[in-house]
Amino acid sequence: MVQARATGSDEPLFAHPSEREFARILDFYRIAWRYEPYSFVLREHDGQVAEMFTPDFYLPDLDLYVELTTLRQRLVTRKNRKLRRLQERYPEVNIRLLYKRDYYELLAKYGYHRGEVEPPQFAELLRDADRILFSNREIHQTVQRLADELTRDYAGRNPLLIGVLKGVTFFLSDLVRLMPIDLELDFMAVSELDDRGVGLVRIVKDLEHDIRGRHVVLVEDIVDTGLTLRYILGHLEQHGPASLEVCALFDKRPRRLVDSSLRYIGFALGDEFLVGYGLDFRGRYRNLPFVTALKPESYRADIVADHSAASGAAVEEYNLR
Ligand code: IMP
């Protein structure tokens with residue numbers, strides 16, 4: 001009997017390669033699993049156990065046992081018989097028999113779209129992805145929660161929601177479509193450091209609305225050091241809004257250098273570098289419908305290569321931001 005957590009655990013001795021593959025898929029989706037954690041008695045004879053059944057996996061979050069099958073019919077028939085017995089004897093136990101092709105169906109049932117599991121159109125982009133951190137479904141649920149909170153707090157106040165381009169457009173457009181109240185939108189853009197890490201922050205696209213006396217919500221995709229946010233809030237405050245609050249989908253609080261209060265937060269994070277759902281690395285990956293962490297070596301290698309090419313200096317490893 002082997003127990004294992006989803007990620008970061010020692011790998012159990014799998015009886016079959018398909019089990020390892022299934023475990024890898026579960027890890028990718030952060031679904032916790034245990035390998036062969038429990039044996040069920042199916043039949044007794046003269047007080048002795050005559051037949052047992054040990055399902056391959058238990059997924060505690062889904063309260064589901066999973067038995068994988070090889071494609072040989074003889075084995076499948078035997079397993080089916082065991083499963084029937086198990087269900088007669090333990091009707092409360094939730095178990096599924098899966099062929100390899102069924103993995104994807106199972107995951108789809110729990111909200112992971114096939115396009116997310118094995119996305120041919122994103123295969124190239126996903127080569128640098130470490131694992132999916134937030135599925136499309138999780139993102140949608142969180143955006144719905146934020147939309148409900150904003151709707152409750154701003155009904156009747158005709159708020160002006162301001163997005164900071166470009167990454168936020170994905171989040172902002174989903175958010176406002178879940179807010180059935182009067183509101184208006186505006187956008188700003190600030191300059192970024194250039195490839196050599198040089199530049200001065202400035203507003204490259206300013207608001208079209210006059211915000212004096214308005215209830216303003218600054219909507220951000222991600223707040224990291226907080227430096228960008230501080231600069232933008234300073235700019236907005238000069239124009240006398242009636243109120244000014246921040247709504248951020250991702251909050252990397254441990255990396256904060258300057259603090260500003262975020263009234264509405266989607267996900268609180270550590271210091272991973274995320275891409276997808278509008279977030280980019282050098283302009284790429286914005287179009288992923290979910291959020292993944294990039295493998296550190298993929299962006300570090302890229303930066304180190306650029307750095308040494310640009311400066312001709314000794315290659316030195318440094319963090320992205
Ligand atoms: P800050 O000024 O350090 O808070 O950085 C904010 C900006 O950095 C965001 O608006 C993003 O454009 C970018 N950023 C910070 N962390 C990430 C990340 O994990 N993925 C992609 N972009 C990020």
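Numbers here are sequence positions counted from 1. Predicted, not measured: the structure shown is a model, and the values here were computed from it.
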query = With R145, which residues qualify under salt bridge (Lys or Arg N to Asp or Glu O under 4.0 Å), at least two apart?
reply = E149
Just by distance, no angles: are the side chains of [X] and [Y] close enough, under 3.5 Å, to form a donor-acceptor pair?
X    : Y    : value
D153 : Y264 : yes
H239 : R212 : no
D63  : Y58  : yes

Does the [X] side chain pair with the main chain of [Y], one donor and one acceptor, at a distance under 3.5 Å?
X    : Y    : result
N136 : P289 : yes
E272 : A293 : no
K82  : M52  : yes
R256 : D224 : yes
K252 : T225 : no
E138 : S135 : yes
D280 : Y285 : no
T69  : L98  : yes

Exercise: identify the closest heavy-atom pair between [X] and [Y]:
X    : Y    : value
L175 : L161 : CD2-CD2, 4.2 Å
L165 : A189 : CB-CB, 4.1 Å
P37  : P55  : CD-O, 4.3 Å
V217 : C247 : CG1-CB, 3.9 Å
A32  : P60  : O-CD, 3.4 Å
K205 : D186 : NZ-OD1, 4.2 Å

Which value, rounded to the nearest 0.5 Å, describes the distance between [X] atom [atom1] and [Y] atom [atom2]?
X    : Y    : atom1 : atom2 : result
Q238 : I211 : CD    : CD1   : 9.5 Å
R85  : Y90  : CZ    : OH    : 12.0 Å
L229 : E220 : CG    : CD    : 6.0 Å
L249 : I139 : CG    : CD1   : 7.0 Å
L207 : L185 : CG    : CG    : 11.5 Å
I203 : I232 : CD1   : CD1   : 7.0 Å

Taking C-beta and beyond as the side chain, do [X] and [Y] meet within less than 4.5 Å on heavy atoms?
X    : Y    : result
E19  : D56  : yes
P159 : V216 : no
I95  : L64  : no
F187 : L172 : yes
T169 : D221 : no
H235 : D206 : yes
P12  : R34  : no

So, for [X] and [Y], is the gap between ring centers shorter than 6.0 Å?
X   : Y   : answer
F57 : Y65 : no
F14 : F22 : no
F53 : F40 : no

task = Starting from the C-alpha separation in whole Å, work towards a yes-or-no answer on side-chain contact (heavy atoms from CB on, under 4.5 Å) for I265 and F267.
result = CA-CA 6 Å; I265 297 171; F267 299 98; over 6 Å; no
ask   = Using a side-chain heavy atom cutoff under 4.5 Å and only I, L, V, M, F, W and Y, what cluster partners does V258 have?
value = L227, L257
message = Salt bridge or not between K79 and E67? Use side-chain N to carboxylate O under 4.0 Å.
response = yes
request  = Report, as yes or no, whether the 6.0 Å neighbourhood of atom CD on Q48 holds more than 12 heavy atoms from other residues, nucleotides or ligands.
outcome  = no
ask   = Could you walk me through whether D259 and R253 pass the salt bridge (charged side-chain N to carboxylate O under 4.0 Å, His left out) check?
value = CA-CA 9 Å; D259 215 5; R253 184 153 294 272; 3.4 Å; yes
task = Please lay out, stage by stage, how V291 and F250 fare under the test side-chain contact (heavy atoms from CB on, under 4.5 Å).
result = CA-CA 11 Å; V291 168; F250 299 105; 3.7 Å; yes
request  = Hey, could you give me each pair passing salt bridge (charged side-chain N to carboxylate O under 4.0 Å, His left out) that has a residue in residues 162-184? Not counting sequence neighbours.
outcome  = D174-R177, E184-R214
request  = State yes or no: do V204 and V190 share one hydrophobic cluster built from I, L, V, M, F, W and Y residues joined by side-chain heavy-atom distances below 4.5 Å, directly or via other members?
outcome  = no
key: Sole residue of I222, V176, L146 in side chain to side chain contact (heavy atoms under 4.5 Å, CB included) with F171   = L146
query = Going through the distances and angles, do E245 and L218 end up as a side-chain contact (heavy atoms from CB on, under 4.5 Å)?
reply = CA-CA 6 Å; E245 300 289 354; L218 182 68; over 6 Å; no
note = Which of R78, R43, R81 passes salt bridge (charged side-chain N to carboxylate O under 4.0 Å, His left out) with E51? It is R43
request  = Go through the steps to decide whether H215 and L160 satisfy the test side-chain contact (heavy atoms from CB on, under 4.5 Å), and finish with yes or no.
outcome  = CA-CA 6 Å; H215 293 288; L160 178 67; over 6 Å; no
query = Is R284 close enough and on-axis enough to F281, meaning under 6.0 Å and within 45°, for cation-pi?
reply = no
